[in-house]
Novice: 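Pasting a structure here, questions to come.
What you see is a predicted model; the values in this text were computed from it and never measured.
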Amino acid sequence: VQLQASGGGFVQVGGSLRLTCTTFGRTFTSYNMGWFRQAPAKERECVATITSRGGTTYYSDFVKGRFTISRDNAKDTVYLQMNSLKPDDTAVYYCAASRLVSATMTDYNYWGRGTQVTVSS
């Protein structure tokens, strides 16, 4: 499956962005999806995940209450709505697909190119 993330950009502190990940290829509904991010000089970390039918979501503590992951299986697309953005949210954001329900990066087999999010203070 091929993934394409978009929607990144520059935003001021407290602002919002919505990231979109469009998938191509194999059956989208077969995969659990995740958003990860990587800031300069830091390891890639899980932001949020959603199961294949959208029934269960997971959020890392640092985004709980601010970010929302969702998916539209009719459009083969997963979203990440990011509100109340902080400078620490500055990173390259990646979407990924896995057969497993997991927040572990190595469990994800398919990755899209990242999209840069920059939050300015």
Novice: With rounding to the nearest 0.5 Å, note down the distance linking OG in Ser70 to CD in Gln81.
Specialist: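 Between Ser70 OG and Gln81 CD, I get 8.0 Å after rounding to 0.5 Å.
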
Novice: Would you compute the distance between atom CZ of Arg71 and atom SG of Cys21 and round it to the nearest 0.5 angstrom?
Specialist: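 So the gap between those two atoms works out to 10.0 Å.
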
Novice: In the hydrophobic clustering that connects Ile, Leu, Val, Met, Phe, Trp and Tyr at side-chain heavy-atom distances below 4.5 Å, which members other than Phe36 occupy its cluster, ordered by chain and number?
Specialist: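 Answer for Phe36: Val92, Tyr94, Met105, Tyr108, Trp111.
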
Novice: Could you give all pairs that pass the side-chain hydrogen bond (donor to acceptor under 3.5 Å, both in side chains) test and reach residues 32-41, with sequence neighbours left out?
Specialist: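 Non-adjacent pairs meeting side-chain hydrogen bond (donor to acceptor under 3.5 Å, both in side chains): Arg37-Glu45, Arg37-Asp89, Arg37-Tyr93, Gln38-Arg44.
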
Novice: Scan the side chains in residues 4-18 for donor-acceptor partners under 3.5 Å anywhere in the protein, sequence neighbours excluded, and list what turns up.
Specialist:
{"unit_1": "Ser16", "atom_1": "OG", "unit_2": "Asn83", "atom_2": "OD1", "d": "2.9"}

Novice: Pairs in or reaching into residues 22-84: which pass disulfide bond (SG atoms under 2.5 Å apart), with residues at least two apart or in two chains?
Specialist: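 As it turns out, there is no disulfide bond (SG atoms under 2.5 Å apart) pair with a partner in residues 22-84 once direct neighbours are skipped.
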
Novice: Should Val101 and Thr49 count as side-chain neighbours, where that means a heavy-atom distance under 4.5 Å?
Specialist: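 Counting from C-beta outward, Val101 and Thr49 never come under 4.5 Å.
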
Novice: Counting only N and O atoms by type, is there a donor-acceptor contact under 3.5 Å from the side chain of Arg66 to the main-chain atoms of Ser84?
Specialist: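 Indeed, once roles are kept as given, a pair shorter than 3.5 Å links the two residues.
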
Novice: Would Ile50 and Val78 count as a side chain to side chain contact (heavy atoms under 4.5 Å, CB included) here? Give the steps.
Specialist: CA-CA 9 Å; Ile50 189 166; Val78 62; 4.1 Å; yes

Novice: Which pairs count as side-chain hydrogen bond (donor to acceptor under 3.5 Å, both in side chains) when at least one residue sits in residues 112-121, sequence neighbours excluded?
Specialist: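 Output for this query lists Gln116-Thr118.
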
Novice: Lys64: what forms a side chain to side chain contact (heavy atoms under 4.5 Å, CB included) with it, not counting sequence neighbours?
Specialist: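 Lys64 satisfies side chain to side chain contact (heavy atoms under 4.5 Å, CB included) with Tyr59, Asp61 only.
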
Novice: I'd like to check the side chain to side chain contact (heavy atoms under 4.5 Å, CB included) partners of Thr77; sequence neighbours left out, ordered by chain and number.
Specialist: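 Thr77 satisfies side chain to side chain contact (heavy atoms under 4.5 Å, CB included) with Thr20, Thr22, Lys75, Tyr79 only.
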
Novice: Check side chain to side chain contact (heavy atoms under 4.5 Å, CB included) between Thr29 and all other residues, then give those that pass, not counting sequence neighbours.
Specialist: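 Partners of Thr29 under the side chain to side chain contact (heavy atoms under 4.5 Å, CB included) test: Thr27, Arg53, Asn73.
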
Novice: Can you tell if the side chain of Phe62 reaches within under 4.5 Å of the side chain of Lys86, non-hydrogen atoms only?
Specialist: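 Side chain of Phe62 against side chain of Lys86, heavy atoms only: no contact under 4.5 Å found.
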
Novice: Does the side chain of Leu80 reach to within under 4.5 Å of the side chain of Val47, using non-hydrogen atoms?
Specialist: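 Yes, at least one pair of side-chain atoms sits under 4.5 Å.
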
Novice: For Ala97, give me all partners under side chain to side chain contact (heavy atoms under 4.5 Å, CB included), at least two apart in sequence or on another chain.
Specialist: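 Residues passing side chain to side chain contact (heavy atoms under 4.5 Å, CB included) with Ala97: Val1, Leu3, Tyr31, Met33, Tyr110.
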
Novice: Which residues satisfy the side-chain hydrogen bond (donor to acceptor under 3.5 Å, both in side chains) test with Asp107, sequence neighbours excluded?
Specialist: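 For Asp107 the side-chain hydrogen bond (donor to acceptor under 3.5 Å, both in side chains) partners, ignoring immediate neighbours, are Ser102.
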
Novice: Counting N and O atoms only, with roles assigned by atom type, does the side chain of Thr23 sit under 3.5 Å from a partner on the main chain of Gln2, one being a donor and the other an acceptor?
Specialist: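 Between the backbone of Gln2 and the side chain of Thr23 there is no qualifying donor-acceptor contact (under 3.5 Å).
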
